[in-house]
Amino acid sequence: MFDQLAHIKDKRLIAIYDSAENLGLYMDRENISHLDSVISSIPFVVLPTELSISILSEAKRYLKKGGIFIQYNYSRILKDLYKTIFQNYTSEYVLLNTPPAFIFKCTKK
Ligand SMILES: C[S@@+](CC[C@H](N)C(=O)[O-])C[C@H]1O[C@@H](n2cnc3c(N)ncnc32)[C@H](O)[C@@H]1O
């Protein structure tokens, strides 16, 4: 997927092949202070809890106030984790995804 993304010639796209827990390194490198939104399909269900917390905390840290974190999962098993980090979430079940998935949306207050 990275190879395919890296071929897209668009100045707005910065393709990075690294773990999302290192987000801060690239925010600094690219001189970006805040993000409007984070869209993730990282499989938190199979990651160590500490790594998941680290990634979600970094995402929250760099989101602007009112910024949105969007995550898709195939179950609701991690809903409490999202609530712990963001103190809020909404979710919807999207049948049109293949396979159908839950979309979680958290807002940075
Ligand atoms: C279910 S796939 C989704 C792939 C793609 N985003 C899509 O929607 O087709 C999960 C992706 O999360 C990536 N991933 C797993 N752990 C990660 C981490 N710590 N940081 C960033 N990406 C990770 C995997 O490499 C894999 O590409």
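As the structure is a prediction and not an experimental result, all values here were calculated from the model. Start at 1 and go down the list; that is how both ligands and their atoms are numbered.
Between L23 and Y62, some side-chain heavy-atom pair lies under the 4.5 Å cut-off. For the pair F44/L56, a side-chain contact is recorded, criterion being any heavy-atom separation below 4.5 Å from C-beta on.
Within ligand 1, counting atoms from 1 as listed, the ones closer than 4.0 Å to a heavy atom of I55 are 19 (N). Interface of S19 with ligand 1, defined as ligand atoms under 4.0 Å from a residue heavy atom, comprises 18 (C), 19 (N), 20 (N). Using a 4.0 Å cut-off to heavy atoms of A20, the atoms of ligand 1 that qualify are 18 (C), 20 (N), 21 (C).
With S54 contributing its side chain and E50 its backbone, the two residues share no donor-acceptor pair below 3.5 Å. Side-chain N or O atoms of N88 include one that pairs as donor or acceptor with a backbone N or O of T107 at under 3.5 Å. When atom types are taken as modelled, the side chain of K105 and the backbone of T90 share no donor-acceptor pair closer than 3.5 angstrom. Between the side chain of Q71 and the backbone N or O of I42 there is at least one donor-acceptor pair closer than 3.5 Å.
Atom 10 (C) of ligand 1 has S41 O, 3.3 Å as its closest protein atom, hydrogens excluded (heavy atom only). For atom 12 (O) of ligand 1, the nearest protein heavy atom (residue, atom name, distance) is P43 CD, 3.3 Å. Scanning all protein heavy atoms for the shortest distance to atom 17 (C) of ligand 1 gives I42 CG2, 4.1 Å. Atom 8 (O) of ligand 1 has as its closest protein heavy atom Y72 OH, 3.2 Å.
Distance check on atom 24 (C) of ligand 1: every protein heavy atom falls at or beyond the 4.0 Å cut-off. In this structure, atom 20 (N) of ligand 1 is in close contact with the protein, since a protein heavy atom lies within 4.0 Å of it.
The minimum heavy-atom distance linking S52 with L47 is given by the pair OG-CB, 3.6 Å.
Under the 6.0 Å cut-off for aromatic ring centres, Y82 and Y89 do not qualify, their centroids lying 6.0 Å or more apart.
Contact annotation: for M1 versus ligand 1, heavy atoms closer than 4.0 Å belong to the side chain alone. At a heavy-atom cutoff of 4.0 Å, ligand 1 is contacted by no atom of F2, backbone or side chain.
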